[in-house]
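See structure below.
Order of listing sets the numbers, starting from 1, for every ligand and every atom in it. The figures here come from the full heavy-atom set of this structure, side chains too, leaving out hydrogens, waters and symmetry mates.
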Amino acid sequence: FPIIRAQTSPDFVPDAKFYKVEAILRPWRIQQVSSALLKMGIRGVTVSDVRGFGAQGGLTERQAGSEFSEDTFVAKVKMEIVVSKDQVEGVIAKIMEEARTGEIGDGKIFLTPISDVIRVRTGERGEEAERMMGGHADMSSALSTS
Ligand code: ATP
Ligand code: GLN
């Protein structure tokens, strides 16, 4: 404790029940990242194709000879994952483990507090809406009761 250490000011820790982990990653690493997340019970993930500019600049992403970008922006994938506070560091560690090559262009992760979650189908809010059947929390509680 504190689990959340994302702010630059040491005396400011935004507290929330849920956080959004937003990761901008190499497209060809996404499959590996998402299957690892699924394995740990992270079942709610949103991905978007994005293009960006960072330290890698306009340098084309190459993997197995194929190009992912033709201009000054490099093709990336943005993963957005809303999880409960206690799951944040585990998700970040997993993304780091699966997405990192050590080369420039590995990407960045942003952490944002989320004020509420609403499940459209049921109208549930908060913890009930964020919880997913067979998700990480279910997996953990199954472990501790067996
Ligand atoms: P339901 O039980 O009604 O199916 P659900 O919680 O399983 O609700 P979905 O309706 O299946 O949610 O989710 C729709 C979309 O919302 C998903 O395809 C995904 O893009 C996004 N999503 C759901 N949960 C999360 C989450 N925790 N983090 C990020 N994106 C999510
Ligand atoms: N926190 C949810 C659960 O444990 C999972 C959230 C997610 O899959 N993004 O059920």
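Taking every heavy atom of both residues into account, Ala16 and Pro113 meet most closely at CB-CB, 3.7 Å. The two residues Val33 and Glu98 come nearest to each other via the heavy atoms CG2-CB, 3.8 Å.
The presence of a protein heavy atom under 4.0 Å from atom 20 (O) of ligand 1 is confirmed. Atom 15 (C) of ligand 1 is never approached by the protein to below 4.0 angstrom, counting heavy atoms only.
Among all non-hydrogen protein atoms, the one lying nearest atom 5 (P) of ligand 1 is Arg119 NE, 3.8 Å. Shortest contact from atom 26 (C) of ligand 1 to any protein heavy atom: Gly44 O, 3.4 Å. Scanning all protein heavy atoms for the shortest distance to atom 30 (N) of ligand 1 gives Thr46 OG1, 2.8 Å. Atom 4 (O) of ligand 1 has Arg121 NE, 4.2 Å as its closest protein atom, hydrogens excluded (heavy atom only). Nearest protein heavy-atom neighbour of atom 18 (O) of ligand 1: Val45 O, 4.7 Å. Closest to atom 7 (O) of ligand 1, if we only count protein heavy atoms, is Met132 CE, 3.5 Å.
The shortest N/O to N/O separation between Glu130 and ligand 2 falls below 3.5 Å. Considering backbone and side-chain N/O of Gly44, one or more are found under 3.5 Å from N/O of ligand 2. Remark: ligand 2 and Arg43 share an N or O pair separated by less than 3.5 Å (distance only, no angle test). When only interatomic distances are considered, the shortest N/O to N/O separation between Val82 and ligand 1 falls below 3.5 Å. Between Met132 and ligand 2, an N or O atom pair is found at a separation short of 3.5 Å.
Between the side chain of Arg119 and the main chain of Arg131, a donor-acceptor pair closer than 3.5 Å is present. Not one N or O on the side chain of His136 forms a donor-acceptor pair closer than 3.5 Å with the backbone of Ile42. Not a single donor-acceptor pair under 3.5 Å links the side chain of Lys20 to the backbone N or O of Phe110.
Atoms of ligand 2 lying under 4.0 Å from any heavy atom of Gln87, numbered from 1 in the order shown and given with element: 1 (N), 2 (C), 3 (C), 4 (O), 5 (C). Near Arg131, the atoms of ligand 2 lying under 4.0 angstrom from a non-hydrogen atom of the residue are 10 (O). Ligand-side atoms of ligand 2 in range of Ala137: 3 (C), 4 (O), range being under 4.0 angstrom from any heavy atom. Counting atoms of ligand 2 from 1 in the listed order, those under 4.0 Å from a heavy atom of His136 are 3 (C), 4 (O), 10 (O).
Between Arg29 and Asp106 no salt bridge is recorded (no basic side-chain N to carboxylate O distance below 4.0 Å).
Shown here is Met139, whose CE atom has more than 12 heavy atoms of other residues, nucleotides or ligands within 6.0 Å.
Distances from atom 29 (C) of ligand 1 to the heavy atoms of Glu80, Lys20, Glu22 put Glu80 nearest.
By the 4.0 Å heavy-atom criterion, Val82 is counted among the residues contacting ligand 2.
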